[in-house]
Protein chains: 2
Amino acid sequence: MPKRVDHDERRRRIAEALWRIASTRGLEGASLRDVAAEAGISLGQLQHYFRSKGDMLVFALEHVNELAARRVRARVEASATAPSPRVILRESVAEMLPLDDESRSGNLVQVAYFLQAVHDERLREHAKEGVPLLRALFADQIRRAMAEGQIAPDRDPDTEATLLICLVDGLTSYTLLDVHSPAEALALADAHLDRLFTP
Amino acid sequence: MPKRVDHDERRRRIAEALWRIASTRGLEGASLRDVAAEAGISLGQLQHYFRSKGDMLVFALEHVNELAARRVRARVEASATAPSPRVILRESVAEMLPLDDESRSGNLVQVAYFLQAVHDERLREHAKEGVPLLRALFADQIRRAMAEGQIAPDRDPDTEATLLICLVDGLTSYTLLDVHSPAEALALADAHLDRLFTP
DNA sequence: CGTATGGCAATACAACTGACCTGTAAAAAC
DNA sequence: GTTTTTACAGGTCAGTTGTATTGCCATACG
């Protein structure tokens, strides 16, 4: 049975089991035993790959951040030339919002991590690092639109990018709480973009 | 009858101890023993006032919501006639943002509850109920401003109110994460209001 | 006075937590 | 072929969790 094994691949599989639990029961409700059971392995095996629970949490957060960043970047790079900045921004926003069940699960995991990160310096650094990247990405598109005259020239790209990110975050929270539906969240984001894109 | 005690007053005192813990360690880290110790009472006494942990959580959430609603309403009613709608909106937003340590604690408690509420139907109903009230309040001020010609007449008050609430929520999240400072959060909110208040 | 009852302390308890420690078997290195 | 390393299963451990039980005390009513 034992053989040479890809450590990172095993860790990723364990992290995905953790997400499945975190998206339904929350991060705190995920014990090592629960994660091991969800991953279909023994507690001993899990501990072979993660020396402590904290290690597992940090790895899973890094992994989720990496995947999210890759998804957004892929979408933007795949359509950076042809479509308008507005389309790119709207699609990015749509991908960040919990519009389908899969995206909802991902957002629940990130929210669970967010709360943990507020009280844990080690996690906070990882949780923060994605934001400037996303802001730069959004600001670039806004600058492009300003150059094309689609956005008023007196707007500050960085400010508008930050506002958009914060708005999406709030929309996500209230969508997760069922305060409004995914469709309403998207409509609200569109309303915001409508007013951003006025010469 | 033996000596009579104000049950609700005791419960409120216990709830406040719970908040103090939740704002530093998070809600999950708050065991019944910890809360009792923080409140300066015995575990037995705490159990006398809350039959289960769930009861305590629900009561504390109702209490925090009630206090927050009362604070915002008091601020608005105290200055509904004289100041402009914009001032009222800005002050309400400023009060909701985690600008000082006390407000930061309150926001941490609400965030902790939010995450819990996503997975718990019982809490979710309580967490949701404050939003429509706040939206109506904001929408009223926006309507007033539109009547005075300070806001373009083609804006939808309910949409704008919801956007503002979501934005504040996102600003709060990222401020708690130290992604930006309280001052920057307020400046961002002002930037949004600047663009809302354009005839 | 007696006793029922609200207020509370102390303790017990079963379930669960994460960390640690083996034992063992297979693959890799020599 | 021997040794070393890797991969895992299983168990133990001390500590913590929410809940339940018991009993003592003070008071107010009959």
For this session: Name all residues meeting the ring-ring contact (aromatic ring centres under 6.0 Å, His included) criterion together with B:His63; count only those two or more places apart in sequence or in a different chain, and write none if there are none.
Result: B:Trp19

Problem set entry | Closest approach of A:Leu46 to A:Ile14 (non-hydrogen atoms, all atoms of both residues) | CD1-CG2, 4.1 Å

Exercise. Is there a side-chain polar atom (N or O) of B:His7 under 4.0 Å from OP1 or OP2 of C:dG6?
Worked result: no

Exercise. Please give, in whole Å, the distance from D:dT6 C1' to A:Asp8 CG?
Worked result: 17 Å

Exercise. Does C:dC16 have OP1 or OP2 sitting under 4.0 Å from an N or O in the side chain of A:Ser31?
Worked result: no

Exercise. Is it true that B:Arg143 and B:Asp140 make a salt bridge, defined as a side-chain N closer than 4.0 Å to a carboxylate O?
Worked result: yes

Seminar exercise, completed: Closest of D:dT17, C:dC8, C:dA19 to the A:Arg33 side chain is C:dA19

For this session: Kindly state which residues belonging to residues 39-63 of chain A come within less than 4.0 angstrom of DNA chain D, counting heavy atoms of the residue only, listed by number.
Result: A:Ser42, A:Gly44, A:Gln45, A:His48, A:Tyr49

Exercise. Base, sugar-phosphate, or nothing for A:Leu32, non-hydrogen atoms under 4.0 angstrom?
Worked result: sugar-phosphate

Problem set entry | Protein-nucleotide distance (B:Glu28, atom CD; C:dC16, atom C1'), rounded to Å | 15 Å

Problem set entry | Side-chain heavy atoms of A:Asp169 within contact of A:Met96, under 4.5 Å | no

Exercise. Rounded to whole angstrom units, what separation is found between the CD1 atom of B:Ile21 and the P atom of D:dT17?
Worked result: 10 Å

Problem set entry | Qualifying residues under ring-ring contact (aromatic ring centres under 6.0 Å, His included), relative to B:Phe59, sequence neighbours excluded | B:Phe50

Seminar exercise, completed: Nearest heavy-atom approach of B:His126 to B:Glu129 is O-CG, 3.1 Å

